[in-house]
Amino acid sequence: MDVTSQRTGGALIVSVEGRVDGANARKFQKAVESVIEDDDGAVILDMEHLSYISSAGLRSILLIAKGLQKRNSQFAVCSLQDAIGEVFRIVGFDKIVTIHSSQGEAVSAMGS
Amino acid sequence: MNKPYKILVVDDEPDLEPLMLQRMRRHIRAGRYSFVFARNGLEALDRLNEEGNIDMVLSDINMPQMDGLTLLEQIPKVDPNIRSVIISAYGDMKNIRTAMNRGAFDFVTKPVDFKDLQITIERTLAHMMEWREALSYRDKLVSIQNELEVASRIQQSILPSEFPDDLRYQVYGNMEPARDVGGDFFDIMLLDEGQIGLAIADVSDKGVPAALFMMSCRTLLKGVAIGLTDPGAVLGEVNDLLHEDNETMLFVTVLYAVYNPATGEFTYASGGHDAPLLIRSDGTVSLLPLTDGIALGVAPELEYKQHKIELSPGDTVVLYTDGVTEAQNTDGSAFQVDGLHQIFAGSSSYLKAREGTDLVFEKVREFMGEASQFDDITCLTLHRDT
């Protein structure tokens, strides 16, 4: 699991690569929180290279989203692989977390 | 030999004392239980203070001087490790819920079925022993591995130990925990008019906090299911109760179904859980439609849709957790829903509940080969005979 970030337009893009499961979910959450803490704007979590996420990983995303909500920052995820999108759909998180099909779409939606 | 477990029975009904001693006589003679009695909450507190080593309390709700609900608030002040079970009127959901909120571990309904009571007592005692052990581990600040062991034993202690015995249908479930994760459970509840409630669930994390979240989920589900018949309404209630002060964002995916053996109606609702698999008696396999509910504990006041199908004699429904579909082989590919389909495609009507569950475990293990198990694997099968 690897977390990187870059600023594009009005949003901070955080990209996650590899697997997020019970063994590294907390590490993933801390890594994301540390890159977003110095920022007060919108955050997009890019999952293009995320190959697997367990329920512990989904919980980390909820905690990240909750933290952002507290500081009134917008949050969305984008570029989900099919299997990950299916997990979001089954667990019902597609109704709780904003999902965009691409980074570009997410950035322009955040800007508006 | 160990000392008997000391159980304090609180009820203003004088007949309960001789009845309890009579019905539990074998367990008393065997040195498993000893009983102490009180007629109201105040007397109960006196006994708790005098005796000093009471393991569990079994209390009625309506009593003079101090009622059972007030007593529940007082017990932790004497000893926070005592576990309580409430005896309530059938369907008295308001009081049962208050009791659960005040820390009751479980409840039995009047008229008391002593066989059921004994199972409840054993389960409560088993849980209490795990809890005491968890506390002593915490005090010793032992490694994560031990904490996970404790969590996994809490998980085992809430699984049903018996399956309903009915000529019209069969139910059989099994759970195999992963070494590092403990989040799955299933439960079977006997409801009004011979109906049964079936639940399968997956909590989103491991360790002791997740195991305790799992326990409250199971208890709430059981409490709410007895008062409500619609699976969708049950999930809505449990979701609201779990969501209250859930700062940790732990959540649980639940598939809850009610089966009516008289009509063959199978009604289910999903809270973020995988869809059940239906195997018709002619061997046709299909995935039942998802009801689009959100996992429980995340957001308040959600509505859960439900879906109803009719089972004919010989039909089978398989409930499972993602530990089955996401099981990986050594190449890193997953078993998937297709794997489940293949197990049952073309199987005939003599497929029974236990065989169905066993077959899933056998095939998943075969698929995994030498690969390690990342998640709990759980499967619960219902089969209609007649």
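Below, chains carry the letters A, B, ... as their sequence lines are ordered, and counting in each starts from 1. Since the structure is predicted, the reported quantities are computational estimates derived from the model, not experimental observations.
- Taking a 6.0 Å sphere around NZ of A/K95, one finds it holds more than 12 heavy atoms contributed by other residues, nucleotides or ligands.
- Comment: B/D205 engages A/R59 in a salt bridge, judged by a side-chain N to carboxylate O separation of less than 4.0 angstrom.
- Side-chain contact, B/T248 with B/N246: a donor N or O sits under 3.5 Å from an acceptor N or O.
- The number of heavy-atom neighbours closer than 6.0 Å to NE2 of A/H49, taken from other residues, nucleotides and ligands shown, is 12 or below.
- Both the backbone and the side chain of A/L58 come within less than 4.5 Å of a heavy atom of chain B.
- A donor-acceptor pair under 3.5 Å is absent between the side-chain atoms of B/E370 and the main chain of B/T330, judged by distance alone.
- Interface remark: of the candidates A/A83, A/S55, A/S54, A/S55 forms the most heavy-atom pairs closer than 4.5 Å to chain B.
- Ranked by heavy-atom pairs under 4.5 Å with chain B, the list A/S60, A/A56, A/A25 is led by A/A56.
- Classification of A/E33 and A/K30 as a salt-bridged pair fails, no side-chain N sitting under 4.0 Å from a carboxylate O.
- Taking 4.5 Å as the heavy-atom cut-off, the residues of residues 251-259 of chain B that approach chain A are B/F251, B/T253, ordered by number.
- For A/Q69, the CD atom sits in a loose shell: 12 or fewer heavy atoms of surrounding residues, nucleotides or ligands are nearer than 6.0 Å.
- Put simply, the side chain of A/R71 gets close to the backbone of A/D39: a donor and an acceptor are under 3.5 Å apart.
- In this structure, the portion of B/E326 lying under 4.5 Å from any heavy atom of chain A is its side chain and not its backbone.
- Contact annotation: the side chain of B/F186 approaches that of B/M175 to within less than 4.5 Å [non-hydrogen atoms, C-beta and beyond].
- Heavy-atom neighbours of chain A within the stretch residues 290-309 of chain B, taken at a separation under 4.5 angstrom, comprise B/L290, B/D292, B/G293, B/I294, B/A295, B/V298.
- B/D230 places no side-chain N or O within 3.5 Å of a backbone atom of B/G232 that could act as its donor or acceptor partner.
- Side-chain contact annotation: B/T357 with B/T381, donor-acceptor N/O pair under 3.5 Å present.
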